[in-house]
Asks: 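Before I ask anything, here is the structure I am working with.
Numbering of ligands and ligand atoms starts at 1, following listing order. Remember, predicted model here, so these are calculated numbers, not experimental data. Quick note: residue numbers are just sequence positions, from 1.
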Amino acid sequence: MNKERSFPEGFLWGGALAANQCEGAYNIDGKGLSVADVLPNGITGKIMSSDEGHYPFHDAIDFYHRYKDDIALFAEMGFKCLRLSIAWTRIYPNGDDTQANEIGLKHYEDVFNELLKHNIQPMVTICHYDMPLALVKKYGGWRDRKLIDLYVRYSKTLFERYKDQVKLWLTFNEINIISHFPFTGGGLLLDESDENREQIIYQSAHHQFVASALAVGECHKIIPDAKIGCMLAFIPFYPYSCDPDDVLAAYEQQQEQLLFSDIQALGEYSNFAQSYFAKKGINIEFSAGDDAALKDNKVDFVSFSYYMSCAYSANPEGKETTDGNILGGVKNPYLETSDFGWQLDPKGLRYTLNMLYDRYKKPLFIVENGLGAIDTLNENHQIHDDYRISYLKDHLIESKKAIDDGVELLGYTSWGPIDIVSSSTGQLKKRYGFIYVDINDERVGTLNRYKKKSFYWYKELISTNGLSLYK
Ligand code: BG6
């Protein structure tokens with residue numbers, strides 16, 4: 001085998017899922033309602049508290065009941081790792097219940113055993129967009145410090161129960177989501193015009209940083225051979241032009257994202273964060289012990305999602321714009337866009353890996369990357385998703401170049417290895433998977449699973465440890 005071109009030995013190939021987007025079974029076996037359960041049109045849509053209408057996250061693709069068959073398909077592709085999240089509301093239905101729900105705990109124990117049976121290492125996100133709705137109603141979400149204790153208790157319950165099964169953990173999915181979608185990220189019900197909006201968001205984020213740090217400490221104590229990381233939604237922001245105003249505007253936008261991982265990886269608020277807060281009149285209230293908690297409990301590795309890049313201009317008026325994952329921006333004339341308007345930029349991934357590694361000097365993990373596209377199932381139940389193969393191939397070739405640049409990359413879990421519900425829009429027609437799920441937005445379909453062309457492509461890629469990228 002040509003060692004120079006294959007990925008490092010032990011590279012963790014796999015896929016990534018989130019409980020709310022795949023499990024369904026939203027109200028059984030003692031599960032409480034989560035913030036995802038009141039978002040019929042995904043996180044960019046309206047919050048609805050009634051039972052009217054259709055809630056795609058309620059049923060999703062029924063991974064809750066079908067996980068054994070789905071995991072067998074992941075194993076057939078040769079997965080070494082599956083990133084998945086635990087629904088907080090299956091363990092503590094209201095978040096502050098006195099006792100954990102044994103049915104929920106047992107469910108995940110069975111899921112992890114199934115993975116381990118197939119030699120697939122679980123990587124668990126403790127909270128992925130689905131905090132208990134009851135905590136929103138009772139405490140106003142993460143604005144209340146009480147959430148720190150509740151989250152840490154929940155995390156400890158997981159570490160203690162799964163210490164022999166799970167050695168890879170992530171504290172919060174895309175911790176920076178809170179500044180763009182405060183309800184999903186922090187259970188915050190805020191008015192766009194609320195004057196205190198940023199104050200509340202960043203104070204709540206501070207509570208999450210402390211909670212995350214304390215969970216890191218508990219994880220290290222309870223499972224000394226585990227690794228626990230942070231997870232950032234990362235979009236590289238390019239200056240729209242070499243006009244210094246564009247360069248500075250893009251830089252500032254980038255710093256706003258990195259402020260989150262800086263705290264988790266470096267253990268303190270950056271200079272940028274402090275001056276940003278001062279300029280905006282944001283005053284973060286620290287309690288005794290917060291500083292030490294952040295400093296003493298840095299993450300072991302930095303993980304992130306990467307789908308696209310954005311161009312950023314100091315004067316965006318009159319310029320064409322594009323949609324994006326969490327954030328859009330000005331259209332970059334050098335890039336193509338996906339079916340959903342996201343700008344495709346494989347080289348941006350190499351740039352990102354180098355930039356994050358230079359900054360943190362910690363191992364990195366790409367825990368989300370993939371192409372959301374509209375697939376067509378033909379009469380023979382085949383899906384010729386060459387566009388997906390080409391997206392993934394280009395991104396992986398750039399990842400390998402970053403490894404050759406000297407970046408320590410632990411693994412790659414592509415987003416939604418089986419079709420799941422889109423988090424931004426709640427759609428099922430936006431598909432990322434190697435496995436097609438026969439269900440549409442009207443919930444018509446058998447839920448049968450079919451292997452796409454990309455299934456066989458990914459399988460070969462894993463079996464050659466990346467070498468087949470170059471054939
Ligand atoms: C990430 C989220 O931001 O993007 C996932 O962590 C999400 O939950 C993914 O599914 C892709 O976004 P979407 O909206 O296409 O599902």
Asks: Looking only at protein heavy atoms, identify the closest one to atom 8 (O) of ligand 1 and say how far it is in Å.
Replies: Gln21 OE1, 2.7 Å

Asks: Looking only at protein heavy atoms, identify the closest one to atom 14 (O) of ligand 1 and say how far it is in Å.
Replies: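 Minimum-distance protein heavy atom for atom 14 (O) of ligand 1 reads Ser424 OG, 2.4 Å.
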
Asks: In terms of side-chain geometry, is the basic nitrogen of Asp375 or Lys453 positioned less than 4.0 Å from the acidic oxygen of its partner?
Replies: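 A salt bridge is absent here (no side-chain N lies under 4.0 Å from a carboxylate O).
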
Asks: Identify the residue among Val216, Ile263, Val302, Ile175 that makes a side chain to side chain contact (heavy atoms under 4.5 Å, CB included) with Cys230.
Replies: Val302

Asks: I need the single residue from Leu133, Val35, Val38, Val136 that forms a side chain to side chain contact (heavy atoms under 4.5 Å, CB included) with Ile47. Which is it?
Replies: Val38

Asks: List ligand 1 atoms under 4.0 Å from Ser422, heavy atoms only on the residue side.
Replies: 13 (P), 14 (O), 15 (O), 16 (O)

Asks: Distance under 4.0 Å to a non-hydrogen atom of His128: what atoms of ligand 1 satisfy this?
Replies: 5 (C), 6 (O), 8 (O)

Asks: Does atom OH of Tyr432 have more than 12 heavy-atom neighbours, drawn from other residues, nucleotides or ligands, at distances under 6.0 Å?
Replies: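 Result for OH/Tyr432: enclosed.
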
Asks: Counting each atom of ligand 1 from 1 as listed, which ones have a heavy atom of Asn173 under 4.0 Å away?
Replies: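 Result: 6 (O).
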
Asks: Would Phe181 count as a contact residue for ligand 1, given that I'm defining contact as a non-hydrogen atom of the residue lying under 4.0 Å from a ligand atom?
Replies: no

Asks: Pull out every atom of ligand 1 sitting under 4.0 Å from any heavy atom of Trp342, numbered as shown with elements.
Replies: 12 (O), 15 (O)

Asks: What protein heavy atom sits nearest atom 2 (C) of ligand 1, and how far off is it?
Replies: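 Looking only at protein heavy atoms, the one closest to atom 2 (C) of ligand 1 is Glu368 OE1, 3.3 Å.
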
Asks: Please report the closest heavy-atom contact between Pro132 and Thr89, naming both atoms and the distance.
Replies: CA-CG2, 3.5 Å

Asks: Residue-level breakdown please: for Phe340 versus ligand 1, do any non-hydrogen atoms fall below 4.0 Å on the side chain, on the backbone, on both, or on neither?
Replies: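 No part of Phe340 is near ligand 1 at this cut-off.
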
Asks: Applying salt bridge (Lys or Arg N to Asp or Glu O under 4.0 Å) between Arg431 and each of Asp419, Asp339, Asp385, report the one that passes.
Replies: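 Of all the options given, the one that passes is Asp419.
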
Asks: Could you tell me whether a side-chain N or O of Thr352 sits under 3.5 Å from a main-chain N or O of Gly348, the two making a donor and an acceptor?
Replies: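 Yes; at least one donor-acceptor contact below 3.5 Å.
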
Asks: What protein heavy atom lies closest to atom 9 (C) of ligand 1? Include the residue and the distance to one decimal.
Replies: Tyr307 OH, 3.3 Å

Asks: Give me the nearest non-hydrogen protein atom to atom 7 (C) of ligand 1 as residue plus atom name, then the distance to 0.1 Å.
Replies: Ser423 OG, 3.2 Å

Asks: Run the numbers for me: atoms of ligand 1, each under 4.0 Å from some heavy atom of Lys430, listed by number.
Replies: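 Result: 13 (P), 14 (O), 15 (O).
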
Asks: Determine, using ring centers only, whether Phe209 and Phe260 are less than 6.0 Å apart.
Replies: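 Between Phe260 and Phe209, the centre distance is under 6.0 Å.
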
Asks: Which protein heavy atom lies closest to atom 11 (C) of ligand 1, and at what distance to 0.1 Å?
Replies: Tyr432 OH, 3.4 Å

Asks: Determine the minimum heavy-atom distance between Asp345 and Ser309, stating which atoms define it.
Replies: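 Reported closest heavy-atom pair: OD2-OG, 2.7 Å.
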
